[in-house]
Amino acid sequence: MLRVAGIVKESIVDGPGIRTVVFLQGCPRHCEGCHNPSTLPFEGGTEYTAQQLAEEVAGIMTPLHRGITLSGGDPLAQADGVLEFLHELKKLKPGVNVWCYTGYVYDEVKNLAVMHELNVLVDGPFILAQRDLDFPYRGSRNQRLIDVPASLSKGEAVEYEL
């Protein structure tokens with residue numbers, strides 16, 4: 001089961017193009033100035049099976065969508081459920097582009113099985129002192145856009161080029 005705080009059908013600020021965003025419930029970090037404080041508790045949200053969530057997300061997506069983005073909370077706090085969800089979603093939407101926001105840095109999560117299902121990882125905790133609203137797809141200057149397939153292939157973090 002996955003705990004989902006909410007689903008946004010169309011976003012243009014959570015990755016390139018029009019994207020569906022799934023906000024997962026629960027985050028262990030509690031960063032000062034968190035953009036989504038209601039998603040921090042692990043209680044709450046709506047429970048979904050991986051298949052239920054995949055069907056709902058696939059039903060939302062149109063040919064105009066460039067992909068999905070996982071946010072939260074921290075999606076990697078539910079890494080096994082997210083992996084199962086992405087497997088189900090990719091049966092319905094083969095080749096779907098997946099971005100994932102996390103407070104962890106790439107080296108902390110590079111060995112999680114779910115990494116093989118991601119295209120881009122936005123890594124690093126939000127740091128209020130480094131907040132920058134003009135920094136594309138990130139909330140603070142310490143956060144990176146990681147090209148996950150290239151990183152897994154090279155064995156080290158490779159930044160995604162916009």
Side-chain angles (χ1 to χ4, degrees), residues 2-46 48 53 56-57 60-61 64-83 85-86 89 96-152 154-162:
L2 288 159
R3 286 200 174 266
V4 176
I7 299 171
V8 173
K9 293 179 180 185
E10 296 177 351
S11 171
I12 58 169
V13 297
D14 297 295
I18 298 170
R19 308 182 73 77
T20 295
V21 183
V22 179
F23 290 89
L24 282 294
Q25 185 73 40
C27 180
R29 296 220 175 241
H30 297 260
C31 299
E32 180 185 1
C34 175
H35 182 67
N36 300 320
S38 65
T39 67
L40 295 178
F42 283 92
E43 306 77 32
T46 302
Y48 286 84
L53 185 57
E56 183 165 334
V57 170
I60 290 170
M61 296 181 73
L64 297 177
H65 281 79
R66 295 251 333 254
I68 69 161
T69 298
L70 305 173
S71 192
D74 194 319
L76 298 184
Q78 299 185 61
D80 292 341
V82 168
L83 175 63
F85 157 65
L86 291 175
L89 181 62
V96 65
N97 180 272
V98 181
W99 280 42
C100 180
Y101 283 81
T102 184
Y104 297 100
V105 294
Y106 175 76
D107 285 338
E108 292 176 299
V109 295
K110 65 184 178 187
N111 294 321
L112 293 175
V114 71
M115 295 299 285
H116 294 276
E117 303 302 324
L118 305 178
N119 296 93
V120 173
L121 182 74
V122 184
D123 82 336
F126 173 75
I127 298 175
L128 187 57
Q130 294 185 36
R131 179 178 170 205
D132 186 341
L133 299 178
D134 295 322
F135 203 42
Y137 308 123
R138 290 156 282 188
S140 57
R141 286 244 163 228
N142 63 298
Q143 295 173 318
R144 304 177 295 174
L145 302 178
I146 303 295
D147 182 326
V148 178
S151 299
L152 292 173
K154 190 172 181 180
E156 63 185 46
V158 175
E159 292 205 38
Y160 177 80
E161 296 294 327
L162 290 173

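Residues take their numbers from the sequence shown, with the count starting at 1.
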Say whether, by atom type as modelled, one donor and one acceptor occur between the side chain of [X] and the main chain of [Y] under 3.5 angstrom.
X    : Y    : answer
R19  : I12  : no
Q25  : P41  : yes
T20  : V57  : no
S140 : R131 : no

Assess whether side-chain contact (heavy atoms from CB on, under 4.5 Å) is satisfied between C34 and L40, documenting all intermediate values. CA-CA 9 Å; C34 175; L40 295 178; 4.0 Å; yes
What is the minimum heavy-atom distance between [X] and [Y], and which atoms define it?
X    : Y   : result
A5   : T39 : CB-CG2, 3.6 Å
V4   : Y48 : CG2-CD1, 3.5 Å
L112 : A79 : CD1-CB, 4.2 Å

Check: [Y] and [X] side chains under 4.5 Å, non-hydrogen atoms:
X    : Y    : value
R3   : T46  : no
I146 : V120 : no
T69  : V8   : no
D147 : P149 : yes
E56  : I7   : yes

Option among D14, I60, L86, V21 that satisfies the side chain to side chain contact (heavy atoms under 4.5 Å, CB included) test with I68: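 So the option named by the test is L86.
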Heavy atoms from other residues, nucleotides or ligands near NE2 of H30 exceed 12 (cutoff 6.0 Å):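 More than 12 heavy atoms, drawn from other residues, nucleotides or ligands, come within 6.0 Å of this atom.
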Can you check side-chain contact (heavy atoms from CB on, under 4.5 Å) on E117 and L83, steps first, answer last? CA-CA 7 Å; E117 303 302 324; L83 175 63; 3.7 Å; yes
Determine, step by step, whether V82 and V22 satisfy the side-chain contact (heavy atoms from CB on, under 4.5 Å) criterion, reporting the C-alpha distance in whole Å, the side-chain angles of both residues, the deciding distance to 0.1 Å, and the verdict. CA-CA 10 Å; V82 168; V22 179; over 6 Å; no
How many angstroms lie between [atom1] in [X] and [atom2] in [Y], if you round to the nearest 0.5 Å?
X    : Y    : atom1 : atom2 : result
L152 : L118 : CG    : CG    : 8.5 Å
L128 : E32  : CG    : CD    : 5.0 Å
N119 : R66  : CG    : CZ    : 11.0 Å
K9   : M61  : NZ    : CE    : 13.5 Å
L70  : L24  : CG    : CG    : 6.0 Å
H65  : S11  : NE2   : OG    : 9.5 Å

Which residue pairs pass the salt bridge (Lys or Arg N to Asp or Glu O under 4.0 Å) test when at least one of the two sits in residues 103-114, sequence neighbours left out?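 Listed once each, the pairs are R29-E108, D107-K110.
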Just jot down the side-chain hydrogen bond (donor to acceptor under 3.5 Å, both in side chains) partners of N36, sequence neighbours excluded, or say none.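 So N36 forms no side-chain hydrogen bond (donor to acceptor under 3.5 Å, both in side chains) with any residue.
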Mind jotting down which residue pairs meet the ring-ring contact (aromatic ring centres under 6.0 Å, His included) criterion with at least one end in residues 99-142? Sequence neighbours excluded, please.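 For residues 99-142: W99-Y137, W99-Y160.
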Under the rule for side-chain contact (heavy atoms from CB on, under 4.5 Å), what residues qualify as partners of E156, not counting sequence neighbours?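 Counting only residues at least two positions away or on another chain, E156 forms a side-chain contact (heavy atoms from CB on, under 4.5 Å) with K154.
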Would you please name every residue forming a ring-ring contact (aromatic ring centres under 6.0 Å, His included) with F23, sequence neighbours left out?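 F23 satisfies ring-ring contact (aromatic ring centres under 6.0 Å, His included) with no residue once adjacent residues are dropped.
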Suppose the criterion is side-chain hydrogen bond (donor to acceptor under 3.5 Å, both in side chains): which pairs have a residue in residues 72-82, not counting sequence neighbours?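 The answer is D74-T102.
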For the pair L76 and C100, evaluate side-chain contact (heavy atoms from CB on, under 4.5 Å) and give the outcome as yes or no after the intermediate values. CA-CA 9 Å; L76 298 184; C100 180; 4.2 Å; yes
Indicate yes or no: does D123 engage R144 in a salt bridge with an N to O separation below 4.0 Å.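 Salt bridge between D123 and R144, a charged N being under 4.0 Å from a carboxylate O: yes.
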